[in-house]
Amino acid sequence: MLQEKRAELDAEKRKKLIERIVHALADTYPDLYYQSTSQIALLIKQQVDDGTGLSNEDRALLQGLSQRDIEVLLSLH
């Protein structure tokens, strides 16, 4: 039960964190809206790998995600 709650909490944090990263990327890339989901996921993955603008906790939360995982999360928004 406790593990389920933790997993749900982590999933919600990931969604919010990815949304925050997308908004930050939109400031840097004005044409982001017109990019494919795979391109946006690649930009997010690169930012996570670089650790740019992320706390250690945020980076650890997203570190295990593949580009495909990020694409799936983006498609759920």
Side-chain angles (χ1 to χ4, degrees):
M1 173 108 169
L2 186 58
Q3 285 181 330
E4 288 177 23
K5 290 286 186 185
R6 177 68 182 182
E8 288 176 19
L9 181 62
D10 285 350
E12 191 61 35
K13 283 182 181 179
R14 277 189 198 102
K15 287 180 197 176
K16 288 181 182 180
L17 184 54
I18 286 177
E19 187 174 315
R20 189 181 87 207
I21 293 171
V22 168
H23 287 291
L25 287 172
D27 292 339
T28 306
Y29 300 97
D31 64 340
L32 190 70
Y33 179 81
Y34 301 102
Q35 300 300 317
S36 66
T37 302
S38 61
Q39 181 62 34
I40 295 170
L42 177 62
L43 291 171
I44 293 170
K45 181 71 174 151
Q46 288 172 344
Q47 187 167 351
V48 170
D49 290 345
D50 293 344
T52 309
L54 296 174
S55 68
N56 288 338
E57 180 184 343
D58 291 345
R59 189 170 183 210
L61 194 60
L62 297 177
Q63 192 66 39
L65 296 178
S66 69
Q67 181 179 342
R68 179 68 182 140
D69 295 333
I70 296 170
E71 288 175 28
V72 170
L73 289 172
L74 288 171
S75 69
L76 296 176
H77 284 77

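Values in this document were obtained by computation on a predicted structure and should not be read as measured data. Computed from heavy atoms alone, side chains included, the values below leave out hydrogens, waters and symmetry copies.
Atom-to-atom distance recorded for Gln47:CD and Asp58:CG is 10.5 Å, nearest 0.5 angstrom. Taking CD1 from Ile40 and OH from Tyr34, the interatomic distance works out to 12.0 Å, rounded to the nearest 0.5 Å. Note: Lys45 NZ to Asp50 CG = 10.5 Å, rounded to the nearest 0.5 Å.
Applying the salt bridge (charged side-chain N to carboxylate O under 4.0 Å, His left out) criterion to Glu57, with sequence neighbours excluded, gives Lys13. Gln46 pairs by the side-chain contact (heavy atoms from CB on, under 4.5 Å) definition with Leu42, Leu43, not counting sequence neighbours. The side-chain contact (heavy atoms from CB on, under 4.5 Å) test applied to Glu4 returns no partner, not counting sequence neighbours. Scanning for side-chain hydrogen bond (donor to acceptor under 3.5 Å, both in side chains) contacts around Asn56 gives an empty result, with sequence neighbours left out.
Between Leu73 and the options Leu17, Ile44, Ile18, Thr37, a side-chain contact (heavy atoms from CB on, under 4.5 Å) holds for only Ile18.
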Give the table of side-chain donor-acceptor pairs shorter than 3.5 Å for residues 62-71, with sequence neighbours excluded, one pair per line with atom names and distance.
| unit_1 | atom_1 | unit_2 | atom_2 | d |
| --- | --- | --- | --- | --- |
| Gln63 | OE1 | Arg59 | NE | 3.4 |
| Ser66 | OG | Arg68 | N | 3.4 |
| Ser66 | OG | Asp69 | N | 3.1 |
| Ser66 | OG | Asp69 | OD2 | 3.2 |
| Gln67 | NE2 | Ser38 | O | 3.0 |
| Arg68 | NH1 | Glu71 | OE1 | 3.2 |
| Asp69 | OD2 | Ser66 | N | 3.0 |

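Here salt bridge (Lys or Arg N to Asp or Glu O under 4.0 Å) pairs that include residues 26-43, with residues two or more places apart or in two chains, number zero.
Leu32 and Val22 get closest at one heavy-atom pair: CD2-O, 3.7 Å.
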